[in-house]
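Structure record follows, encoded as structure tokens.
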Amino acid sequence: MDKWYEMPGKAGTNVIYSRIRLVRNLKEYPFPGRLTKEQSVELSEKLLGGLTGIASMDRMQYRFTHLERMGDLEKTALLERRALNRSVMKKKDPTGMILSEDESTAILLNGDDHVRIQTLQTGLTLDRLYEKADRIDDYIGERFDYAFDEKYGYLTSFPTNVGTGLRAAVVLHLPMLSKNKNFSSLVADMGRFGTQVRGVCGEGAENFGSLYQISNQKTLGQTEQEIIDIVRKAALELDAQERRMRREYRQRKPVQAADECYKSYGVLKYARRLTRKDGMEFLSQIMTGITDGILTVKEPCSVYGLMIGIQPANLLSLADRPLDKDELDAARAEFLRKRLPEIIEPEA
């Protein structure tokens, strides 16, 4: 089965994917940071055992696993694919994970909180993802008692998650907007509307690929629908501003705009070694070209899926032996040469 990030997104938009995350804790246990070793084992086994029938909800195949028994490479690859959060990478206590076959649904058990439900999908699909996460939440809530306060809502390990426990997020491709001198003030303006913007692959110039996540700042004092509406509105505004700036740039410098996209395609099509930075930046240009109609591909393609594929742990997972840096750069170039979509050459 194809993974969710391999699905081509909607044409003409800079929205890459949406994510919904819900965190919950069980009433009968302390928060994970205060659990004894015995309680951690008991909690993880109880949750994993109690959720074996979850596949009946959507007829999806699920993998049940213990993270502490998983190798570092596999966990890092899951982190690169957004199925796992960084804070549990080094955790040694028993931690369960239920992952759907297409990796669009991940349920983390005894991580930062007792239960972390995450749903992902390409495009601006927050409502659909929340409906799915809410069904899973109800399924778990029918089998376990959640820690809930009438005044404060769901109780969580971190105060920033108290209330709904909901984090709604949209990831956008903003190559031109992020390089504008007013981008910092735009990010600050978003903060006044209750959202926050951060680089997906790092901060500032280190955010290779120009991918940015916008999400809600508060989980308390707002309903789930209000949170989703705020994030959606902010994402649409960023997308509109990015499209406007790119449209104006193409009108002013049409040859230069096209040249940047075609040069990037040519490098990726024939390169024999590529650093992660170069791979991400050239793929960003190709994503721009496809979105703006400069490049026409013969078959629909998820450029974001290629970005995921060239990350170090995912490349190492495909190799049959350890790779040094030069070999990894060669494997990255080969990965893209084999998977880069064919383009239709423009008529002279």
Side-chain angles (χ1 to χ4, degrees), residues 4-5 15-26 31-33 78-89 91 95 97-100 103-138 140-141 146-149 152-172 187 190-201 203 211-238:
W4 70 268
Y5 49 82
V15 173
I16 308 301
Y17 68 88
S18 301
R19 183 190 70 146
I20 288 290
R21 188 217 63 194
L22 292 172
V23 293
R24 303 287 188 256
N25 287 281
L26 273 55
F31 290 141
L78 287 172
L79 175 69
E80 291 174 351
R81 302 199 298 269
R82 313 302 174 204
L84 197 61
N85 57 316
R86 189 175 298 278
S87 60
V88 300
M89 288 289 292
K91 189 171 181 180
T95 305
M97 188 177 191
I98 304 174
L99 185 65
S100 66
E103 299 186 5
S104 66
T105 301
I107 306 170
L108 195 63
L109 308 173
N110 194 31
D112 295 327
D113 290 275
H114 296 156
V115 178
R116 178 184 185 268
I117 303 165
Q118 175 179 274
T119 54
L120 298 144
Q121 190 176 40
T122 56
L124 188 55
T125 55
L126 290 173
D127 286 302
R128 191 182 310 165
L129 290 175
Y130 176 70
E131 288 174 8
K132 184 177 183 180
D134 192 41
R135 288 198 304 272
I136 296 172
D137 184 36
D138 289 343
I140 300 173
Y146 285 145
F148 183 84
D149 182 86
Y152 296 108
Y154 293 100
L155 304 181
T156 59
S157 297
F158 298 98
T160 50
N161 292 325
V162 170
T164 60
L166 169 65
R167 188 72 60 188
V170 177
V171 170
L172 301 101
V187 169
M190 290 293 171
R192 289 197 287 271
F193 289 102
T195 57
Q196 56 189 357
V197 180
R198 65 175 183 84
V200 172
C201 303
E203 296 300 327
L211 301 179
Y212 289 85
Q213 174 180 288
I214 185 162
S215 60
N216 57 298
Q217 288 182 323
K218 298 193 303 180
T219 58
L220 182 65
Q222 294 174 319
T223 67
E224 288 85 352
Q225 192 59 56
E226 286 172 339
I227 290 171
I228 288 171
D229 290 343
I230 287 170
V231 174
R232 182 196 297 108
K233 182 179 180 181
L236 288 172
E237 175 62 26
L238 287 174

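- The CZ atom of Arg232 lies 9.0 Å from the OG atom of Ser18; values are rounded to the nearest 0.5 Å.
- Between Tyr212 atom OH and Leu172 atom CG the span is 11.5 Å, to the nearest 0.5 Å.
- Take Glu226 and apply the side-chain contact (heavy atoms from CB on, under 4.5 Å) test, not counting sequence neighbours, and it matches Gln222, Thr223.
- Under the side-chain contact (heavy atoms from CB on, under 4.5 Å) criterion, Ala234 pairs with Met190, Thr195, Ile214, not counting sequence neighbours.
- Between Gln213 and Arg19, the shortest heavy-atom contact is NE2-NH2, 4.1 Å.
- With sequence neighbours excluded, no residue forms a salt bridge (Lys or Arg N to Asp or Glu O under 4.0 Å) with Glu224.
- Scored by the side-chain hydrogen bond (donor to acceptor under 3.5 Å, both in side chains) test, Gln225 finds Asp127, Asp229 as partners (sequence neighbours excluded).
- With sequence neighbours excluded, the residues satisfying ring-ring contact (aromatic ring centres under 6.0 Å, His included) with Phe148 are Tyr154.
- For the atom pair CD (Gln118) and CD1 (Ile136), the distance works out to 10.5 Å, reported to the nearest 0.5 Å.
- Among pairs with a residue in residues 107-117, none fulfils salt bridge (Lys or Arg N to Asp or Glu O under 4.0 Å), at least two apart in sequence or across chains.
- Listed here is the closest heavy atom pair of Leu126 and Ile228: CB-CG2, 3.7 Å.
- Among residues two or more places apart in sequence or in another chain, the salt bridge (Lys or Arg N to Asp or Glu O under 4.0 Å) test is passed with Arg21 by none.
- Listed by chain and number, the residues in a salt bridge (Lys or Arg N to Asp or Glu O under 4.0 Å) with Asp137 are Arg24 (sequence neighbours excluded).
- Residue Ala169 comes nearest to Ser215 through the heavy atom pair CB-CB, 3.9 Å, listed as atom of the first residue, atom of the second, then distance.
- No donor-acceptor distance shorter than 3.5 angstrom exists from the side chain of Ser157 to the backbone of Gly33, with no hydrogens or angles considered.
- For the salt bridge (Lys or Arg N to Asp or Glu O under 4.0 Å) test, no residue two or more places apart in sequence or in another chain qualifies with Asp138.
- Interatomic distance, Leu78 CG to Glu103 CD, rounded to the nearest 0.5 Å: 6.0 Å.
- Scanning all heavy atoms of the two residues, the minimum distance from Asp134 to Leu22 falls at N-CD1, 4.4 Å.
- Scanning for ring-ring contact (aromatic ring centres under 6.0 Å, His included) contacts around Tyr17 gives Trp4, Tyr304, with sequence neighbours left out.
- In this structure, Val115 and Ile107 have side chains that are in contact, with non-hydrogen atoms separated by less than 4.5 Å.
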Can you list the steps and then say if Ile140 with Tyr146 is a side-chain contact (heavy atoms from CB on, under 4.5 Å)?
CA-CA 9 Å; Ile140 300 173; Tyr146 285 145; 3.3 Å; yes
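- Taking every heavy atom of both residues into account, Val15 and Gly123 meet most closely at CG1-C, 3.6 Å.
- How far CG of Leu84 is from CG of Leu108: 6.0 Å, rounded to the nearest 0.5 Å.
- Contacts of Lys91 classified as side-chain contact (heavy atoms from CB on, under 4.5 Å), with partners at least two apart in sequence or in another chain: Pro32, Asp93, Thr95, Asn110.
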Any chance you could lay out the side-chain contact (heavy atoms from CB on, under 4.5 Å) test for Phe31 and Leu155, step after step, and finish with the verdict?
CA-CA 9 Å; Phe31 290 141; Leu155 304 181; 4.3 Å; yes
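- A donor-acceptor contact shorter than 3.5 Å links the side chain of Thr119 to the backbone of Leu129.
- Contact between Leu220 and Tyr152 at its shortest, heavy atoms only, is CD1-O, 3.4 Å.
- Evaluation of the side-chain hydrogen bond (donor to acceptor under 3.5 Å, both in side chains) rule for Glu237 yields Gln241 as partners, not counting sequence neighbours.
- Here the side chains of His114 and Leu109 are not in contact, with every heavy-atom distance at 4.5 Å or above.
- The backbone N or O of Ile227 sits nowhere less than 3.5 Å from a side-chain atom of Asn216 that would complete a donor-acceptor pair.
- Within the model, atoms CG of Leu120 and OG1 of Thr105 stand 8.0 Å from one another, a figure rounded to the nearest 0.5 Å.
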